[in-house]
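Here is the structure we will look at, set down as structure tokens.
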Amino acid sequence: MTKPVLIAVAWPYASAKIHVGNLTGSYLPADILARYHRLRGRDVLMVSGSDSHGTPVTVRADEEGVLPEDIYKRYHAEFIELFQKLGLTYDIFTSTHTSNHTDVAQKLFLALKENGYLYTEASLQWYSTQQERFLPDRYVEGTCYFCGTPGARSDQCDHCGHLLEAEKLIDPKSKIDGSTPELRETTHFYLDLEKLQDEVADFLRARQDYWRPNVIKQSLGQIETEGLHGRPITRDLSWGIPVPVEGWDEKCMYVWFEAVMGYLSAAVEWGMLHDDPDAWRHWWTDPESKSFYCIGKDNIPFHAIIWPAELIGVGTSFDAKMGAEDPQPLVLPYDVPANEFMNLEGRKLSGSKNWAVWGLDFLERYDPDPMRYYLTVNMPETKDSDWDWEEFYQRNNNELVATWGNLVNRVLSFAYKYWEGKVPDPGELRKDDLALLESIKIGFDTVESHFESVKLRAAVQECMRLAGEVNKYLDTTAPWFEVKTDKSEAAKSIYTAMQAIDWLKILFSPILPHTSQKLHNYLGHEQPLFGTLITKQVEDDLSTHTVMLYDPADSLTAEAEDLWTPKELTPGKAFNQPTPLFVKLDATIIEEERARLGS
RNA sequence: GGCGAAGUAGCUCAAUGGUAGAGCAGUGGACUCAUAAGCCAUUGGUUGGCGGUUCAAAUCCGCCCUUCGCCA
């Protein structure tokens, strides 16, 4: 049995399109990690789905006069289209609006309740007498009691940035019909974080040596300086997971409390869809299982404090409710490599102002790998980064095209021309040949350590540096000169370069899977590196939902073999005439793309 | 307001107390297999500011400025 690796990816809110900031923040790094671990022959399960509940979805539904379910399904379908085109290998991308997720979330809720980590408390909330319902904070606007600006939401004033106490808002009005709401008392469940705080702190201390500073300081640091306080986990809403307690059927679980449970429920659903209902335990109860949570920095407290607290509080009770004879506790996060944010042309991304590069729109005009490359080399791992169209253009042309793509093209086309489409037989390799191959072999170890510690930017830079080494090597040996004087010498140079390229293909493949596959085919390998993404309609008691699944099919990574190893290229092996891996861009795209922004 | 992260060459980033480096851009050169790509050489820095600790500070400490996130 190989090692289980769970890649848990942030759940996109099904109420807005996905832009490059979302992609580089969590979805892309997750896929790169997943593909790397697949190459290592590990049992990878990459899970996520659409966060279909919560007020952003209902707000949009109310605006458009449609059902929340319609909103979620529209965006859910778009997400899947984007992920297929960009090649994000989710083993399952599902939704929180399923019977399965409802069941898992309710079991977790009840487990926490039975274990004594939930309590109830009354508070005041805005109530609409017109609509006979409580209004979420985002539904109420009024005048800010700090700066006097009208149009402030009841939880926050966008003008002065203060968070507001709802009951102090001046002249509150419902956003739905303009009526004046009144304050009414309501009772909610709270997660007792004070009771869980010591165990959460122990969990964090065990990981503080390798977690990113922002993540550990914001979680462990907060516990040590301020401590944790109970947080409400239910709301007066009808769109969500019903609270599984008698007399509470009017209320739902708070979306931040429930959505993180999707990492578990999606694994359960994956097992059911693969006729192996116990499969989830491989990733969730095996102490050897390593779980990586790929999220943006806005989500750090939920993943580094609250979700671990939920998992600790649940103990063995969830596994027991799932029918285990010898129930086990659930596996806590191994790493939470949260990314910072990406800006655009020096300004904050803003969907409503169209200050964004949208994923699907980008792929109308460009290939997926240039986007994956630019977002990786510019990934906001330690601080906010910036998408700049000129830099995208430069890096595409100078690095992807000139350094890597051109290397492949110059070597393969030369080899094809002089050795009739067969890998040349080098005989005994020279000192320089062996030295180059040795440096790429070392590259396997270096890039491995970067991937293992989730330093993706360092990984891609090292790959590109190694491609540069091969270019230097070619300039030294000059096979175009050797071939005129002694073809057997040229055969050594070209074989060595082809061997290096075949290895670099593997190193690049988690980041540039489409072009690595293309190169893989050029080099005459039949079996694909990775599997494919398929969709499936699933019907349950709640409704019908689309899931996207990763199908390893007959790919190399389907076999539990470690492919992260320099495998010998067979002399005499047939290969194909290459075409350029990457498209060289014209400088006019810079201004064209900038002109699209902000309208 | 509290907490956290970040601020280093024109741009993107390295450098965890020991001579501030790399890539790109710029400049000069030789080559031609290749998408005029690749290779060699080279210009460029008061490490956001002020103060402190130290034989030695980008790095440790204090205060301040700017940007982003979380929380009240």
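A note on names: the letters A, B, ... follow the listed sequences, proteins ahead of strands, and every chain is numbered from 1.
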Query raised in the report: Taking atom types as they are modelled, is there a donor-acceptor pair under 3.5 Å from the base of B:A34 to the side chain of A:Asn409?
Result: no

Query raised in the report: Looking only at N and O atoms, is any donor in the side chain of A:Asp475 or the base of B:G38 less than 3.5 Å from an acceptor on the other one?
Result: yes

Report task. Please work out which of the three classes, parallel, tilted or perpendicular, describes the rings of A:Phe302 and A:Trp256, given edges at 30° and 60°. Result -> parallel

**Report entry** Plane angle bin for A:Trp358 and A:His19 - parallel if under 30°, tilted between 30 and 60°, otherwise perpendicular
**Finding:** tilted

Return the nucleotide paired to [N]: Watson-Crick means purine N1 to pyrimidine N3 with N6-O4 or O6-N4, wobble means G-U with N1-O2 and O6-N3, both under 3.5 Å.
| N | value |
| --- | --- |
| B:U66 | B:A6 |
| B:U46 | none |
| B:G23 | B:C11 |
| B:A56 | none |
| B:A72 | none |
| B:U16 | none |
| B:A34 | none |

Query raised in the report: Between A:Lys348 and A:Phe341, is NZ or CZ placed under 6.0 angstrom from the six-membered ring centre and within 45° of the ring axis?
Result: no

Query raised in the report: Can a cation-pi geometry be assigned to A:Arg596 and A:Trp389, taking NZ or CZ under 6.0 Å from the six-membered ring centre and within 45° of the ring axis?
Result: no

How far, in whole Å, is [M] from [N] if one measures between their [atom1] atoms?
| N | M | atom1 | result |
| --- | --- | --- | --- |
| B:G48 | B:C11 | P | 13 Å |
| B:G51 | B:A57 | P | 14 Å |
| B:C61 | B:G26 | P | 41 Å |
| B:U54 | B:C39 | C1' | 46 Å |
| B:U27 | B:U32 | P | 24 Å |
| B:A25 | B:A41 | P | 16 Å |
| B:C13 | B:A20 | C1' | 14 Å |
| B:A14 | B:G7 | C1' | 15 Å |

Query - Donor-acceptor pair between A:Asn396 and A:Tyr366 side chains, under 3.5 angstrom - result: no

Centroid separation under 6.0 Å, is that true for the rings of [Y] and [X]?
| X | Y | result |
| --- | --- | --- |
| A:Tyr293 | A:Tyr263 | yes |
| A:Phe362 | A:Phe392 | yes |
| A:Phe292 | A:Tyr334 | yes |

Query raised in the report: Given that A:Val401 and A:Lys383 both sit by RNA chain B, which one's nearest nucleotide is further toward the 5' end?
Result: A:Lys383

Report summary line: Of A:Lys297 and A:Asn378, the one whose nearest nucleotide on RNA chain B sits closer to the 5' end is A:Asn378

Using whole Å, what does the distance between atom [atom2] of nucleotide [N] and atom [atom1] of [X] come to?
| X | N | atom1 | atom2 | value |
| --- | --- | --- | --- | --- |
| A:Gln461 | B:C11 | CD | C1' | 14 Å |
| A:Tyr522 | B:U35 | OH | P | 12 Å |
| A:Trp419 | B:C33 | CH2 | C1' | 10 Å |
| A:Asp298 | B:G69 | CG | C1' | 7 Å |
| A:Asn214 | B:A6 | CG | P | 7 Å |
| A:Met464 | B:A37 | CE | C1' | 14 Å |
| A:Leu349 | B:C68 | CG | P | 13 Å |
| A:Gln218 | B:C68 | CD | C1' | 11 Å |

Applying a 4.0 Å non-hydrogen cut-off, can you work out what [X] is touching in the nucleic acid: base, sugar-phosphate, or nothing?
| X | result |
| --- | --- |
| A:Lys584 | base |
| A:Arg465 | nothing |
| A:Tyr418 | nothing |
| A:Thr382 | sugar-phosphate |
| A:Pro580 | base |
| A:Lys348 | sugar-phosphate |
| A:Ile223 | nothing |
| A:Glu226 | sugar-phosphate |

Given [options], which nucleotide is nearest the side-chain atoms of [X]?
| X | options | value |
| --- | --- | --- |
| A:Asn471 | B:A5, B:C13, B:G38 | B:G38 |
| A:Gln394 | B:A34, B:A25, B:A37 | B:A25 |
| A:Lys472 | B:A34, B:C40, B:C68 | B:C40 |
| A:Lys217 | B:A5, B:C13, B:C71 | B:A5 |

Query raised in the report: Tell me the side chain to side chain donor-acceptor pair (under 3.5 Å) pairs involving residues 402-424 of chain A, sequence neighbours left out?
Result: A:Arg410-A:Asn471

Query raised in the report: By centroid distance (under 5.5 Å) and plane angle (under 30°), are A:Trp480 and B:C33 in a stacked arrangement?
Result: yes

Requested in this report: Answer yes or no: does a side-chain N or O of A:Arg395 lie under 4.0 Å from OP1 or OP2 of B:U12?
Outcome: no

